[in-house]
Undergrad: 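Take this structure first; my questions come after.
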Protein chains: 2
Amino acid sequence: MSTKEYPSVLRKTGLRATPQRMAIWDYLVASEEHPSATDIYSRLKPKFPSLSLATVYNTLDVLVGMGLVNALGSLGDDRVHFDANLEPHINLVCRVCHKVVDTDASCVDDLEQELRQKTGFQVEGSRILYFGTCPDCQTRSNNYKRRE
Amino acid sequence: MSTKEYPSVLRKTGLRATPQRMAIWDYLVASEEHPSATDIYSRLKPKFPSLSLATVYNTLDVLVGMGLVNALGSLGDDRVHFDANLEPHINLVCRVCHKVVDTDASCVDDLEQELRQKTGFQVEGSRILYFGTCPDCQTRSNNYKRRE
DNA sequence: TTTTGTGCAAACGTTTTGCAATTAT
DNA sequence: ATAATTGCAAAACGTTTGCACAAAA
């Protein structure tokens with residue numbers, strides 16, 4: 001989806017295309033970092049000096065409610081992180097540097113269907129997290145404290 | 001692992017086998033409910049009238065640190081839930097009644113290896129959550145508000 | 001003009017912390 | 001005995017809420 005389409009997508013459901021909303025959504029789509037509310041706040045504050053944290057939370061609620069972004073939940077810290085990549089995929093979380101890498105696996109698509117059949121659940125979303133040590137941090141050191 | 005082994009497992013790492021710790025661990029292993037800290041607290045309070053919430057949090061930290069239980073993170077509410085089932089498995093979370101059902105899928109075992117090869121991550125743990133509507137709640141009603 | 005959204009400050013609930021009293025070893 | 005653990009109260013933290021003002025439609 002292009003930046004230009006944001007206003008119409010929002011208005012389609014009676015919501016207003018405010019600069020704050022556009023900026024937050026935009027940042028989320030552009031970012032590969034699965035930011036938290038405070039991440040977004042501090043990143044956007046310079047450009048929107050009047051921006052308030054409450055607005056960030058409000059906007060994230062709106063975007064999640066519209067299905068435009070997913071809430072990943074906590075990733076080891078105690079904040080909810082957000083992901084604008086709506087495709088089913090895997091988040092690899094490094095326990096050392098807390099970096100998150102997205103990846104796919106051949107079976108992810110099959111998994112959902114298997115669950116549906118096996119359990120009768122009407123599956124609506126997923127959050128597949130793997131925790132470990134990323135290649136960079138493996139090189140840097142092998143002694144680290146387990147956290148989480 | 002049998003209840004009788006708890007003390008020695010704890011002492012092996014210099015930790016004390018207090019009644020509170022045993023009870024919390026015990027409950028976690030017996031329970032199928034992925035309880036949160038406050039769940040555990042209210043469940044155990046009757047048997048340990050002096051029990052404090054801080055001790056529950058301390059103990060959970062200890063157990064997670066020793067790798068005896070996993071922290072699942074928030075499951076739609078805003079509390080961290082815990083799971084003593086250490087085998088890689090899938091948690092199916094019902095968005096309506098918040099019940100959590102554990103299940104397996106044939107590809108889960110392969111997934112980890114595929115990730116290792118593809119990304120170079122040293123995988124140490126996973127948290128595979130699926131959100132949806134459980135069979136019971138599908139029957140009860142089809143109109144519910146999306147939450148999370 | 002009207003309705004929605006913003007921003008502030010205060011409130012909330014979960015989790016953490018400091019410390020004196022208690023208990024396992 | 002002595003070092004670890006408990007339990008309390010207070011603090012901290014992320015997040016939510018209420019309301020007056022501002023802005024989009």
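Remember, predicted model here, so these are calculated numbers, not experimental data. No hydrogens, no waters, no symmetry mates; every other heavy atom, side chains included, goes into these values. Chain naming here is simple, since letters A, B, ... match the order of the sequence lines and numbering starts at 1 in each.
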Undergrad: From OH of Y57(A) over to P of dA9(C), roughly how many Å is that when rounded to an integer?
TA: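 In whole Å, dA9(C) P lies 17 Å from Y57(A) OH.
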Undergrad: Does A54(B) or L15(B) map to a spot on DNA chain C nearer the 5' end, using the closest nucleotide for each?
TA: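 That would be A54(B).
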Undergrad: Between D104(A) and K118(B), is there a salt bridge with N-O shorter than 4.0 Å?
TA: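 Result for this pair is no, no salt bridge flagged.
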Undergrad: For E124(B) and T133(A), which I'm curious about, is there any donor-acceptor pair between the side chains at under 3.5 Å?
TA: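 Side-chain D/A pair, E124(B) to T133(A): present.
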Undergrad: Using the side-chain heavy atoms of P19(B), tell me which of these nucleotides is nearest: dT6(D), dT15(D), dA24(C).
TA: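 That would be dA24(C).
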Undergrad: Under 3.5 Å, is there any donor-acceptor pair linking the side chain of R16(A) to the base of dA25(D)?
TA: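 Under the 3.5 Å cut-off, the side chain and the base do not form any donor-acceptor pair.
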Undergrad: Starting at atom CZ of R21(B), determine the distance to atom P of dT5(D), rounded to an integer number of angstrom.
TA: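 Rounded to the whole Å, the gap is 4 Å.
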Undergrad: So do D110(A) and C107(B) actually touch side chain to side chain, heavy atoms under 4.5 Å?
TA: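 Heavy-atom side-chain distance check fails, nothing below 4.5 Å.
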Undergrad: Determine whether D102(A) and H34(A) make a side-chain contact, defined as any pair of heavy atoms from C-beta on separated by less than 4.5 Å.
TA: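 Contact flag for D102(A)/H34(A) side chains = yes.
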Undergrad: Side-chain N or O of S52(B) versus OP1/OP2 of dT6(D): is the shortest distance under 4.0 Å?
TA: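 Checking dT6(D) against S52(B), no side-chain N or O comes under 4.0 Å of OP1 or OP2.
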Undergrad: Hey, does T18(B) reach any base, or is it just sugar-phosphate, or nothing, if we go heavy atoms under 4.0 Å?
TA: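 Sugar-phosphate, no base atom in range.
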Undergrad: Using a heavy-atom cut-off of 4.0 Å across all strands, would you classify L53(B) as base, sugar-phosphate, or nothing?
TA: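 Base, at least one base atom sits under 4.0 Å.
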Undergrad: Rounded to the Å, how far apart are R11(B) CZ and dT23(C) C1'?
TA: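 Result: 13 Å.
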Undergrad: Specify the residue among P7(B) and N58(B) whose closest nucleotide of DNA chain C lies further upstream toward the 5′ end.
TA: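 Nearer the 5' end of the strand: N58(B).
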Undergrad: Rounded to whole Å, please give me the gap between CD1 in I40(A) and C1' in dG14(D).
TA: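 Between C1' of dG14(D) and CD1 of I40(A): 14 Å.
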Undergrad: On DNA chain D, check which nucleotide each of G14(B) and Y41(B) is closest to and give me the residue with the more 5' one.
TA: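 The answer here is G14(B).
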Undergrad: Between atom CZ in F48(B) and atom C1' in dT22(C), what is the gap in whole Å?
TA: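 One finds 15 Å between C1' of dT22(C) and CZ of F48(B), rounded.
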Undergrad: S50(B) near the nucleic acid: base, sugar-phosphate alone, or nothing, with a heavy-atom cut-off under 4.0 Å?
TA: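 Sugar-phosphate contact only - S50(B) comes under 4.0 Å of backbone atoms but never of a base.
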Undergrad: Measure the CG-CZ distance between N58(A) and R21(A) for me, rounded to the nearest 0.5 Å.
TA: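 CZ of R21(A) is found 8.0 Å from CG of N58(A).
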Undergrad: D78(A) has an atom CG; how far is it from atom P of dG13(C), in whole Å?
TA: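 Distance, rounded to whole Å: 18 Å.
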Undergrad: Whole Å only: how far is the CG atom of L44(B) from the P atom of dG7(D)?
TA: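 That distance rounds to 11 Å.
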Undergrad: From CG of D39(B) over to P of dT15(C), roughly how many Å is that when rounded to an integer?
TA: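 Atom CG in D39(B) sits about 10 Å away from atom P in dT15(C).
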Undergrad: Does a nitrogen or oxygen in the side chain of Q20(B) sit under 4.0 Å from OP1 or OP2 of dG7(D)?
TA: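 The answer is yes; a side-chain N or O of Q20(B) sits under 4.0 Å from OP1 or OP2.
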Undergrad: Quiz question: going by heavy-atom distance under 3.5 Å, is there a donor-acceptor pair between the base of dT14(C) and the side chain of R79(B)?
TA: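 Looking at the base of dT14(C), it does not pair with any donor or acceptor on the side chain of R79(B) (distance under 3.5 Å).
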